[in-house]
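Structure first, then comments.
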Amino acid sequence: MSAGRSAMRMGPAELVQAAAMARRFYLEGKSKIQIAEEFGVSRFKVARVLETALERDLVRIEIRVPAELDAERSDALRARYGLRHAVVVESPSSTDDVDESPDPENLGEVAAGLLGELVAEGDVLGLAWGRSTINMAAALEALPPCTVVQLTGVYDAGTAERGSVEAVRRAAQVSGGDAHPIYAPMLLPDAATATALRHQTGIARAFEYFDKVTVAAVSIGSWEPGISTVHDMLTDEERAHYASLGVAAEMSAHLFDAEGRRVGRDLGERCITVEADRLRRIPEVVAIAGGQRKAAAIDAVLRSGLVTSLVTDTAAADHLLEKGPAPRPALDRADPDGS
């Protein structure tokens, strides 16, 4: 509390009383009725004194969040897309070449905190493949007891980044619950191979949990090299084919155009992944993605109705908030093309 110049227009007795009442109300958490009884005045008098204290700068109220969180952008993004939760974190130091800006690593840590809020005891947590979800799992410090299931196969394109199984096991270890990983690639050479793998005991057991998932965490990729798992696993001819369909974004091996409509649905027949209709029925789906390069892809996925919450950064948020008319609110959970 601080006394400003305008507060000095109050008499000394008024100042002392107002300061005391404000201390009781704002710092000690007492109700207006309790304060009124203590000072022998009506609760309406207390309300007027508190209002005057604010107007005359005797009391200053500050709303503070951790420096890395941007509350204003978060609320604007939530309102624009009708999201249940939107958390925007400060982007790392800007670079002259936005093409070299990956998902900020701090997204995983913030998403881990959000997951700790959303998951309740007895829930089934689903984790899809993605660097952001892997970083999130590594940052988890506490989770209520829950079952953890893998929602997609692993990324297997000749790299060492195959952390989906480890992420599921890590989350289960933190929560003390059961883990149901999927030991299979996300993308298979043909539909017959994918079908055969889905019937293998371990994979089939994980698929049985898909309809029970209550909270899911997913990543988003743009249709570009290095920031789309599926893009990097396809041949040049296949990439050109899906690009001709207008692919703007990818999430859990599902492809979307700029309006959030699913395209290239035949690809799903070759993939080990949670189906879109099942994903749409999950009560809480948290997407984790950031960076200017992914802004258009994030917009596309939010328009799909598959996502309810978002963790992103200021670079992506600024582009999302600059766009035209607001799309269908995400919480409608409706497929934009009606199918």
Side-chain angles (χ1 to χ4, degrees), residues 126-130 132-133 149-157 162 164-165 168 180-200 202-213 216-224 227-282 285 287 289 297-298 300-308 330 333-339:
L127 299 181
W129 192 95
S132 296
T133 52
V149 61
Q150 193 168 323
L151 296 179
T152 65
V154 300
Y155 175 39
D156 188 2
R162 302 184 182 97
S164 300
V165 171
V168 169
H180 294 277
I182 293 177
Y183 296 98
M186 180 188 294
L187 180 65
L188 282 304
D190 52 64
T193 304
T195 300
L197 278 177
R198 291 189 197 104
H199 287 89
Q200 287 190 356
I203 298 175
R205 185 177 298 115
F207 268 64
E208 289 174 358
Y209 275 91
F210 285 0
D211 287 329
K212 303 174 185 177
V213 173
V218 300
S219 295
I220 295 172
S222 299
W223 195 245
E224 299 178 56
I227 51 176
S228 166
T229 303
V230 172
H231 181 282
D232 293 345
M233 289 192 289
L234 296 172
T235 66
D236 289 341
E237 183 179 356
E238 289 170 331
R239 290 174 193 142
H241 166 66
Y242 290 116
S244 71
L245 301 179
V247 175
E250 174 257 319
M251 179 183 70
S252 303
H254 300 295
L255 309 182
F256 306 88
D257 68 11
E259 297 302 318
R261 295 183 293 258
R262 289 181 58 216
V263 296
R265 298 189 182 208
D266 60 302
L267 183 66
E269 298 174 4
R270 297 168 49 194
C271 293
I272 302 297
T273 185
V274 59
E275 300 94 327
D277 58 345
R278 280 177 159 175
L279 196 61
R280 200 180 301 279
R281 291 195 296 267
I282 296 174
V285 179
I298 295 169
V301 172
L302 292 182
R303 290 171 181 266
S304 74
L306 293 174
V307 169
T308 60
R333 309 305 297 277
D335 193 332
D337 59 11
S339 57

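Source: prediction; values computed, not measured. The figures here come from the full heavy-atom set of this structure, side chains too, leaving out hydrogens, waters and symmetry mates.
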(message) Walk me through whether Tyr242 and Asp266 qualify under side chain to side chain contact (heavy atoms under 4.5 Å, CB included).
(response) CA-CA 10 Å; Tyr242 290 116; Asp266 60 302; 3.0 Å; yes

(message) One pair to check against side chain to side chain contact (heavy atoms under 4.5 Å, CB included): Phe207 and Ile182. What are the steps and the verdict?
(response) CA-CA 9 Å; Phe207 268 64; Ile182 293 177; 4.2 Å; yes

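- Between the side chain of Thr193 and the main chain of Pro189, no donor-acceptor pair closer than 3.5 Å is present.
- Taking every heavy atom of both residues into account, Ala184 and Ile203 meet most closely at CB-CD1, 3.6 Å.
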(request) For the pair Val230 and Leu267, evaluate side chain to side chain contact (heavy atoms under 4.5 Å, CB included) and give the outcome as yes or no after the intermediate values. (result) CA-CA 10 Å; Val230 172; Leu267 183 66; 3.5 Å; yes

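- Taking the side chain as every heavy atom from C-beta outward, Leu187 and Leu234 approach each other to under 4.5 Å.
- In terms of heavy atoms, Ser219 sits closest to Gly130 at OG-CA, 3.4 Å.
- Side-chain contact check for Gln150 versus Leu127: every heavy-atom pair is 4.5 Å or farther apart.
- Looking at Arg278 and Glu275, a side-chain N of the basic residue comes within less than 4.0 Å of a carboxylate O on the acidic one, giving a salt bridge.
- Note that the CG atom of Leu188 and the CD atom of Glu269 stand 12.5 Å from one another [nearest 0.5 Å].
- Within the 4.5 Å cutoff, the side chain of Val149 has no heavy atoms near those of the Val168 side chain.
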(message) Before you tell me yes or no, could you show the steps for Asp257 and Val247 under side chain to side chain contact (heavy atoms under 4.5 Å, CB included), namely the whole-Å CA-CA distance, both residues' side-chain angles and the distance that decides it to 0.1 Å?
(response) CA-CA 5 Å; Asp257 68 11; Val247 175; over 6 Å; no

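- Considering Val218, Val301, Leu306 in turn, Val218 is the only one that fulfils the side-chain contact (heavy atoms from CB on, under 4.5 Å) rule with Val285.
- A salt bridge links Arg239 with Asp236; the closest basic N to acidic carboxylate O contact falls under 4.0 Å.
- A distance-only check finds no donor-acceptor pair linking the side chain of Arg261 to the backbone of Arg303 [under 3.5 Å].
- Contact of the Ile220 side chain with the Glu250 side chain is not registered, since no non-hydrogen atoms from C-beta on lie closer than 4.5 Å.
- Inter-residue side-chain proximity for Pro336 and Glu259 is flagged as unmet; no heavy-atom pair is nearer than 4.5 Å.
- Here the closest non-hydrogen pair linking Arg333 and Thr308 is NH1-CG2, 3.2 Å.
- Of all heavy-atom pairs between Gly153 and Trp129, the closest is O-CB, 3.8 Å.
- Between the side chain of Glu238 and the main chain of Thr235, a donor-acceptor pair closer than 3.5 Å is present.
- Between the side chain of Arg265 and the main chain of Leu255, no donor-acceptor pair closer than 3.5 Å is present.
- In this structure, Phe256 and His254 have perpendicular ring planes: the angle between them is above 60°, well past the 30° mark.
- Annotation for Ser252 and Ala128: closest pair OG-CB, 3.4 Å, computed over non-hydrogen atoms.
- A donor-acceptor pair under 3.5 Å is absent between the side-chain atoms of Ser132 and the main chain of Ala289, judged by distance alone.
- We find that Asp190 and Arg270 are not joined by a salt bridge, their nearest charged nitrogen and carboxylate oxygen being 4.0 Å or further apart.
- Taking CG of Leu151 as the start and CG of Leu279 as the end, the distance is 7.5 Å to the nearest 0.5 Å.
- Closest approach of Ile272 to Ala194, counting heavy atoms only: CD1-O, 3.7 Å.
- Under the 3.5 Å distance criterion, the side-chain polar atoms of Thr152 are left unmatched by any main-chain donor or acceptor of Met186.
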